[in-house]
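Single-structure report; data block below.
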There are 2 protein chains.
Amino acid sequence: MSETVITYDLRMGRWEPDARGRLEQAAMDLYLEHGFEQTTVAEIAARAGLTERTFFRHFADKREVLFAGAAELQQLLVSTLSATATSASPLDAVATALAAVAPFFQERSDFGRRRQRIISSTAELRERELIKLASLGSAMAATLRERGVADPAASLAAEAGVAVFKIAFERWQDAPVGTDFAQVIQHCLSELKVVAAGA
Amino acid sequence: MSETVITYDLRMGRWEPDARGRLEQAAMDLYLEHGFEQTTVAEIAARAGLTERTFFRHFADKREVLFAGAAELQQLLVSTLSATATSASPLDAVATALAAVAPFFQERSDFGRRRQRIISSTAELRERELIKLASLGSAMAATLRERGVADPAASLAAEAGVAVFKIAFERWQDAPVGTDFAQVIQHCLSELKVVAAGA
DNA sequence: ACGATTGATGTCAGTCGCTGTCATCGAGGC
DNA sequence: GCCTCGATGACAGCGACTGACATCAATCGT
């Protein structure tokens, strides 16, 4: 779920609350300090005051702890895409949905930067990031199909949208702090349209 | 390198020749028979008449044995893209290069089908496939940049090309045997152009 | 021919990711 | 205040992967 805003009312663990959040925090810190590969799950659990076994009860594997927000993001993206006017072209609808979730990243830009530094430095994590993006693409394609867009147009619009997102995200990360992410996305979208128009 | 055409003149292993090829063959067979996760590296090595340690001298990990041809494909793709006339638009150049490597798959369609069945059934392998495709995209983007295409157009054309390839490959696999892969690629490309044009 | 060299393989020990199983503890319902 | 239930701890074990060293076969130089 989230790593800062937590419902502290419901005590979770046997001892301290928010075991999951503590694990996420400990993992991020250790991955940044010593690198992903040099960090063992036992170390993460120890820093969080838990055991290795408990880590794997909260996260499927060592990488997944960095992708806790992916499901949330996908749901947000799909519901936004569902709500977009059917009059828009599929690609525009996708781009609109992507721009709509831009604040999701902009509000966590410092967290996102550290996270991305970890992911970019390890092939194993890049693989996981790519399959999450592919999952976003599949979900968006399915949503487009529900709205009557035929294949392969639906899949192509979704995949092209993911491509736009990937490149826009890279450029936004390298851009000055405060740059509007949604604007970068729209710019990359129009660039794609130019490229696809042929010359 | 290759799995069928081998220079049998140079004896490789301590005993039988072509240890690498035998490992690839044994891995494919076992992955198909029992599934990827249910197969241990020790079993693969045993069937190939080798030891587990030798497997890891030939392949970085248990998945990589299924992606031996990726480097070769990437090189072929890049050199084809380099040779494409600079007059073509970036996306058309990418699509042309992709269509040019279509025979690479068509000649190995039965092998490719079995391989794809294995990959599709395991998330771990889909991750590896995605990072190989991403590597293809990066290589093509770099080639476009060398040819004077500016960013983000170069990256977008390359990534869009990869998207076209992915979807075209899926559709070609599901199409009747003998369908022309290059033609499917071109069809998906024109579909993408329609989608991007707005309509 | 024959010894030295080289490269691929075998052997072994070890770490770490990850899982199944059962015991244990803490909190809420009765 | 007991009881049930969910989360955690403790433990054993498998399999992926690595480092270090020994070994063997083919080749090269003489």
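What you are looking at is a predicted structure, and each value in this text was computed from that prediction instead of being measured. Here is the naming used below: chain letters follow the sequence lines, and residue numbers restart at 1 for every chain.
- Not a single donor-acceptor pair under 3.5 Å links the side chain of E72(A) to the backbone N or O of G69(A).
- Here dC24(D) presents its C1' atom at 14 Å from CG of L50(B), a figure rounded to the nearest Å.
- Residue I44(A) contributes atom CD1, which lies 13 Å from atom C1' of dC18(C) at whole-angstrom precision.
- Side-chain contact of S79(A) with S82(A): a donor-acceptor pair under 3.5 Å is absent, judged by distance alone.
- Nearest nucleotide to the side chain of E52(B), out of dT8(D), dT19(C), dA16(D): dA16(D).
- Under 4.0 angstrom from either OP1 or OP2 of dG9(D) there lies at least one side-chain N or O belonging to T54(A).
- Contact check, T40(A) against dT15(C): no side-chain N or O comes under 4.0 Å of OP1 or OP2.
- Atom CG of D18(A) is separated from atom C1' of dT8(D) by 15 Å (rounded to the nearest Å).
- Along DNA chain C, the nucleotide nearest to E37(A) and the one nearest to R57(A) differ in position, and the one closer to the 5' end is contacted by E37(A).
- At least one donor-acceptor pair under 3.5 Å links the side chain of R22(A) to the backbone N or O of P17(A).
- Summarising the geometry, the separation between NZ on K62(B) and P on dT18(D) is reported as 15 Å, rounded to the nearest angstrom.
- Computed from coordinates, the F56(B) CZ to dT18(D) C1' distance equals 9 Å when rounded to whole Å.
- Residue F59(B) contributes atom CZ, which lies 15 Å from atom C1' of dT9(C) at whole-angstrom precision.
- Within the model, atoms NZ of K132(A) and CG of L136(A) stand 9.0 Å from one another, a figure rounded to the nearest 0.5 Å.
- Atom CZ of R128(B) and atom C1' of dA16(D) are 13 Å apart (whole Å).
- Remark: P of dA16(D) and CZ of R63(B) are 12 Å apart, rounded to the nearest angstrom.
- Contact annotation: T51(A) side-chain N/O to dT8(D) OP1/OP2 distance is not under 4.0 Å.
- Distance from the side chain of H58(A) is smallest to dT8(D) among dT8(D), dG15(D), dG17(C).
- Checking S138(A) against S135(A) by side-chain atom types alone, no donor-acceptor pair falls below 3.5 Å.
- Distances from the side chain of R53(A) to the nucleotides dC17(D), dG20(C), dG17(C) place dG20(C) closest.
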